[in-house]
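This structure is a prediction, so every number in the text was calculated from the model and none was measured. Below, chains carry the letters A, B, ... as their sequence lines are ordered, and counting in each starts from 1. All heavy atoms count here, side chains included; hydrogens, waters and symmetry mates do not.
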Amino acid sequence: MTRNPFNAGGVPALGTLRITFPLMTAALLTAAISAPAMAAGTIAGTDIENIASATYDSAGGPVTIQSNTLVIKVDELLDVTVLSTDPGDVITSPGATANVQTFQITNNGNGGEEFSLTANVASGGDDFDPTLVEIVIDTNDNGVYDPGVDDIYVSGSSNPALVLAPDQQQVVFVITATPAGVSNANRASVGLTAAALTGTGAPGTSFAGAGQGGGNAVVGTTGADSTDNGFLAVQAASVSLLKSATIVDPFNGNRPVPGAVVTYSIVATVSGSGALNNLVITDPIPAGTQYQAGSITLEAGALTDATDADAGNYNGTRISVAAGNVPAGQTRTVTFKVLIP
Amino acid sequence: MKIFTSIVAAILACFCVASTTFAATPLQLVSDVFVERQVVKPDGSKTVILEKPNLVTPGDNLVFVVRYKNVGGATASNFVVTNPLPAAVAFDGTSDGLETVSVDGGKSWGFLGTLRVTKPDGTLRPALRSDVTHIKWNLNQTLTAGAEGKLIFRGIVK
């Protein structure tokens with residue numbers, strides 16, 4: 001007797017029934033695809049295959065049967081996070097042309113995905129709007145902005161460096177310029193948004209057939225786009241000069257009479273924040289007076305008149321002292337003497 | 001894989017026709033799967049529904065249903081159902097709690113609470129659901145002609 005076991009007894013089949021030997025069962029089971037476990041989850045396109053088997057004793061001896069092979073495909077989850085990775089405000093100054101702010105983009109999805117980038121420099125609620133120069137991808141992955149080496153992001157085009165594998169991260173730099181008119185302590189917010197090219201939307205939005213590996217793509221909890229903001233902070237220093245004179249006359253008085261020596265003192269005070277670099281203090285010798293050779297001091301230290309290694313010089317009409325880089329909150333005091341003939 | 005499958009199918013078909021022994025007490029085993037979805041009803045309350053696995057992403061809860069039925073005329077005894085867990089699925093319990101499990105690829109079996117897993121340093125720790133590789137139901141019952149039932153287990157897409 002030969003009966004079709006798929007439909008024995010005239011009862012409608014529940015599904016495909018296959019009878020096989022245990023050896024064959026083992027071969028089928030090991031054929032199941034194993035997927036590497038990642039933070040982002042099973043890779044999109046992986047087939048989940050389920051086969052149940054059963055053994056039982058029949059009149060003819062032990063029998064092993066198998067269920068149908070159930071296959072479902074893991075769809076692509078679209079998720080991304082953007083993180084500003086600067087340790088604090090990025091310091092800028094009035095008119096600065098290349099502020100570098102660093103962001104990290106992470107593909108939290110389970111499929112390879114390309115992301116588009118948008119920088120937002122015109123945020124409300126901050127003190128000024130910088131000008132976007134360009135977005136640069138850290139293509140050599142050294143974490144440092146290398147002008148001319150790292151790729152400039154091209155909007156509306158494919159940027160291979162932004163095709164990220166699941167769990168992969170990519171550092172991106174936003175380069176901005178600071179307007180000249182900003183003041184010390186002004187701050188500006190600079191945002192970077194990354195969006196999955198497959199699509200974005202409310203979590204759960206799906207794109208049929210658009211997933212990696214032939215499945216669908218589904219928007220995850222992040223909405224498939226993400227934004228983070230970093231801040232620019234202006235550090236601007238300014239200097240004020242205060243000049244005073246002390247007179248010693250030949251009669252131990254302090255009148256400006258012939259023979260009196262006038263000691264001029266110039267106090268340069270740097271305020272604001274940051275530093276003033278290469279501060280040079282010059283002062284012409286007043287008409288009708290004679291410069292006293294070798295009388296220049298800086299912070300009470302004597303300087304020579306010659307143009308040489310030290311910071312001071314006298315050129316016949318004026319004194320000049322190079323005070324160097326002076327941090328905000330500090331002063332530099334320069335003195336020199338003239339004789340009233 | 002496609003070629004492999006068709007070869008296997010051909011071999012199986014061959015056995016099916018040639019072997020009357022197995023056809024004498026045929027049991028059917030059918031595996032099915034659903035995805036749990038939380039949906040918000042118009043009144044704002046949330047409810048969980050089971051739907052066909054049209055969209056499956058990591059973290060989704062799957063419900064596997066294995067249905068069995070004795071469609072033959074003879075009685076089957078010592079009925080044991082084994083379901084290896086797909087690699088991308090983490091075990092999340094069964095509906096009846098009567099299963100034994102394996103955490104070593106089917107070599108040894110027991111109730112989950114009795115099993116141990118060897119840690120990298122050689123010491124043992126209690127096995128967790130995430131360690132489960134196989135599920136087995138030893139039904140200890142005789143399936144007469146027409147008898148049927150179903151076994152349900154849950155898994156989470158890794």
Asker: Using a 3.5 Å distance criterion without hydrogens, assess whether the side chain of D75(A) forms a donor-acceptor pair with backbone atoms of V56(B).
Answerer: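 Judged by distance alone, yes, a pair lies under 3.5 Å.
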Asker: With a 4.5 angstrom heavy-atom cut-off, could you sort out which part of N110(A) is near chain B: side chain, backbone, both or neither?
Answerer: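 Only the side chain of N110(A) comes within 4.5 Å of chain B.
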Asker: Is the shortest heavy-atom distance from the side chain of I65(A) to the side chain of Y68(B) under 4.5 Å?
Answerer: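 No, too far: nothing below the 4.5 Å cut-off.
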Asker: Does the T42(A) side chain pair with the main chain of K158(B), one donor and one acceptor, at a distance under 3.5 Å?
Answerer: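 Between the backbone of K158(B) and the side chain of T42(A) there is a qualifying donor-acceptor contact (under 3.5 Å).
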Asker: Mind checking whether L62(B) and I48(A) have side chains closer than 4.5 Å, heavy atoms only?
Answerer: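 L62(B) vs I48(A): side chains touch.
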Asker: Do Y56(A) and L143(B) come within less than 4.5 Å of each other through their side chains, counting heavy atoms only?
Answerer: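 No - every pair of side-chain heavy atoms lies 4.5 Å or more apart.
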Asker: Can you check whether S53(A) reaches V81(B) side chain to side chain, under 4.5 Å on heavy atoms?
Answerer: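 SC-SC contact between S53(A) and V81(B) ruled out.
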Asker: Could you check whether any side-chain heavy atom of S67(A) comes within less than 4.5 Å of a side-chain heavy atom of V30(B), counting everything from C-beta outward?
Answerer: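 The answer is no; the side chains never approach within 4.5 Å.
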Asker: Sort V218(A) into side chain, backbone, both or neither according to what part of it lies under 4.5 angstrom from a heavy atom of chain B.
Answerer: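 Answer is side chain: those atoms of V218(A) sit under 4.5 Å from chain B.
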Asker: How many angstroms lie between CG in L77(A) and CG in L55(B), if you round to the nearest 0.5 Å?
Answerer: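 It is 10.5 Å, given to the nearest 0.5 Å.
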Asker: Between T57(B) and V74(A), is any pair of side-chain heavy atoms under 4.5 Å apart?
Answerer: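 Side chain of T57(B) against side chain of V74(A), heavy atoms only: no contact under 4.5 Å found.
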Asker: Keeping N216(A) on the side-chain end and N54(B) on the backbone end, is there a donor-acceptor pair under 3.5 Å?
Answerer: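 Present.
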